[in-house]
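Basis for what follows: all heavy atoms, side chains included, without hydrogens, waters or symmetry-related copies. Residue indices begin at 1 and follow the sequence shown.
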Amino acid sequence: MLTDFKRLFSPKLKSLNTIVVDHKAIFHNLEVLRTLQPGSEIFPVLKSNAYGHGLEQVAQMLRYTDLNYLCVDSVPEYYIAKKYARKPSLILWETLPYNYKFLDPRRATLCVYNLSTLQALIQTRKKRKIHLFLNTGMNREGIQLHDLWWFLEILKSKKWSKIELEWVMSHFANADEVDSSMCDTQVEKFKQMDHLISQYGFSPAHKHISNSAGIAKIQDPHFTACRSGIAFYGYSPLSETDPYTERFTDLTPALRVESTVVALQRIWAGEIVSYGGRFTAPEDMTIATIPFGYTEWLSRSLRDQRSVRRQDQYLPILGTICMNLCIVDTRWHDVNIWDTVEIISSFPSGENSIYAFATKSDTIPYEVLVNLDTKARRKVV
């Protein structure tokens with residue numbers, strides 16, 4: 001209450017940097033995913049600040065939808081989702097057993113990867129819903145086939161009846177690869193383990209293994225739910241050479257990033273720009289300073305790239321990108337202080353799209369998105 005009161009009377013400051021999130025694009029992408037998996041529920045993944053889009057903002061968007069679950073990575077993320085979406089959250093990763101007592105059993109479901117987690121949940125003596133996470137071949141986490149019987153024996157015992165096996169899940173290792181044949185192996189192992197679960201008398205309502213890439217590639221009625229991260233936000237996890245990539249052509253990126261020109265400098269031929277003097281002016285020129293650097297996630301490898309857009313023109317970045325600043329070439333452009341420039345475009349084919357940034361920085365779109373400054377203002381339009 002006090003926090004809301006303070007927020008009501010706090011000054012509505014404007015920001016030099018703004019991450020703009022299109023709610024229509026988010027809902028459009030949700031429908032695209034539902035079309036690809038008509039027999040499955042879609043669980044949006046809101047981990048890592050909703051892939052850079054803002055966990056608070058995206059949770060608010062989804063508050064009045066018919067989604068049954070949101071996926072978060074941690075307990076702190078769960079609290080944000082609980083506050084703004086008021087929907088049940090599947091907490092994908094571990095937390096210390098001490099934290100279990102702070103989780104609302106009606107709003108928080110935990111993935112169980114190991115016996116220690118299950119035993120700690122039992123000791124809380126509270127009703128808990130769990131999703132068993134099966135290791136089907138990724139070998140990063142999860143319950144091995146030869147250990148599964150022990151979990152089931154414990155869950156079957158009436159002594160531990162407060163623990164409800166709600167759903168069963170796993171995760172693909174290489175669904176985003178052109179050769180994703182390992183997915184078939186993982187599906188078969190999942191079914192083998194699920195058969196054992198059935199033999200113990202359990203019949204989980206939902207079973208989920210597909211991530212975004214799996215949604216495009218796996219059409220199997222055995223699975224009744226899918227977890228979508230990057231595709232939910234409008235980005236395809238598949239390469240252009242993947243035969244399934246056309247299934248994601250209707251996705252719409254939901255995010256763009258804007259910044260502001262804060263300084264103009266007139267420099268002369270032969271003068272250097274930024275740290276290390278890695279750019280030398282070939283002629284007299286005007287340059288502009290923008291408050292967006294590697295803290296905000298503008299990779300230092302983007303030096304000398306045409307990566308900032310002013311209206312319909314791209315401005316080359318000059319010299320070393322700084323912690324909170326970068327400098328662009330304005331020789332052939334009419335640029336003034338306080339002008340808005342676009343750092344990241346929502347157009348997939350743009351020179352400053354997430355895809356272009358990832359390629360120029362020798363990384364993947366995921367890394368670009370999740371490293372966007374968490375303190376930057378997010379505005380939903």
Are [Y] and [X] connected in a single hydrophobic cluster, I mean Ile/Leu/Val/Met/Phe/Trp/Tyr linked by side-chain heavy atoms less than 4.5 Å apart?
X    : Y    : answer
I343 : L302 : yes
Y78  : L96  : no
Y294 : I354 : no
V21  : I80  : yes

Practice item. For K217 and D242, run salt bridge (charged side-chain N to carboxylate O under 4.0 Å, His left out): C-alpha distance rounded to whole Å, both residues' side-chain angles, the deciding distance at 0.1 Å, then the answer. Key: CA-CA 10 Å; K217 295 186 175 185; D242 196 304; 2.7 Å; yes

Just by distance, do the side chain of [X] and the backbone of [Y] share a donor-acceptor pair under 3.5 Å?
X    : Y    : value
S259 : N17  : no
Q37  : I42  : no
K47  : V72  : no
T18  : E258 : no
D373 : E296 : no

What donor-acceptor contacts under 3.5 angstrom involve side-chain atoms of residues 195-205, with partners at least two apart or in another chain?
from, atom 1, to, atom 2, distance (Å)
H195, NE2, Q199, NE2, 3.4
S198, OG, D194, O, 3.2
Y200, OH, E153, OE2, 3.0

May I ask you to check whether [X] and [Y] show a side-chain donor-acceptor distance below 3.5 Å?
X    : Y    : result
T363 : S361 : no
S345 : S353 : no
S181 : D179 : yes
H333 : R310 : no
T374 : N49  : no
Y69  : T109 : yes

Hey, would you say the [X] and [Y] ring centroids sit under 6.0 Å apart?
X    : Y    : value
Y355 : Y235 : yes
W167 : F43  : yes
Y98  : F102 : yes
H206 : H131 : no

Of all the heavy-atom pairs spanning [X] and [Y], show the shortest one and how long it is.
X    : Y    : result
I218 : C183 : CD1-CB, 4.1 Å
Y100 : A120 : CE1-CB, 3.5 Å
L264 : V335 : CD1-O, 3.5 Å
F27  : L62  : CE2-CD2, 4.0 Å
L155 : L132 : CD1-CD1, 4.2 Å
S236 : T245 : OG-OG1, 4.1 Å

Point to revise | Short N-O contact, R106 and D104, less than 4.0 angstrom | key: yes

Review point. For S228, which of L33, L36, N211 qualifies under side-chain contact (heavy atoms from CB on, under 4.5 Å)?
Key: L33

Exercise for review: Under the ring pair (Phe, Tyr, Trp, His ring centres under 6.0 Å) rule, what do F292 and W297 come out as? Steps first, then yes or no, please.
Suggested key: CA-CA 8 Å; F292 205 94; W297 202 89; 9.0 Å; no

Please report the interatomic distance [atom1]([X]) to [atom2]([Y]), rounded to the nearest 0.5 Å.
X    : Y    : atom1 : atom2 : value
R378 : H53  : CZ    : NE2   : 9.0 Å
K191 : T136 : NZ    : OG1   : 12.5 Å
Y51  : S212 : OH    : OG    : 6.0 Å
L92  : L46  : CG    : CG    : 10.5 Å
K14  : T260 : NZ    : OG1   : 10.5 Å
I287 : T330 : CD1   : OG1   : 8.0 Å

Check your understanding: For E246, does the CD atom have more than 12 heavy-atom neighbours from other residues, nucleotides or ligands under 6.0 Å away?
Key ->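 No, the 6.0 Å shell around CD holds no more than 12 heavy atoms from other groups.
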
**Study point:** Crowding at CZ, R266 (>12 non-hydrogen neighbours, <6.0 Å)
**Key:**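 Buried by this count: over 12 neighbours within 6.0 Å.
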
Report yes if some heavy atom in the side chain of [X] is under 4.5 Å from a heavy atom in the side chain of [Y]; otherwise report no.
X    : Y    : result
I327 : I317 : no
R34  : E41  : no
P253 : P348 : yes
V45  : I230 : no
N352 : V308 : no
C226 : H208 : no

For residues 138-152, dump all side-chain donor-acceptor pairs below 3.5 Å to protein atoms at least two apart in sequence or in another chain.
from, atom 1, to, atom 2, distance (Å)
N139, OD1, N135, ND2, 3.0
N139, ND2, G137, O, 3.3
W149, NE1, H146, O, 3.1

Check your understanding: Run the side chain to side chain donor-acceptor pair (under 3.5 Å) check on T117 and E94 step by step: do they pass?
Key -> CA-CA 8 Å; T117 300; E94 298 281 8; 3.0 Å; yes

**Study point:** Test ring pair (Phe, Tyr, Trp, His ring centres under 6.0 Å) applied to F190 and F223, step by step
**Key:** CA-CA 10 Å; F190 187 106; F223 300 99; 4.9 Å; yes

Please table the atom pairs, donor to acceptor, closer than 3.5 Å between any side-chain atom in residues 276-285 and protein atoms at least two apart or in another chain.
from, atom 1, to, atom 2, distance (Å)
R278, NH1, Y275, O, 3.4
R278, NH1, T320, OG1, 3.2
E283, OE2, R331, NH1, 3.1
D284, OD1, A269, N, 2.9

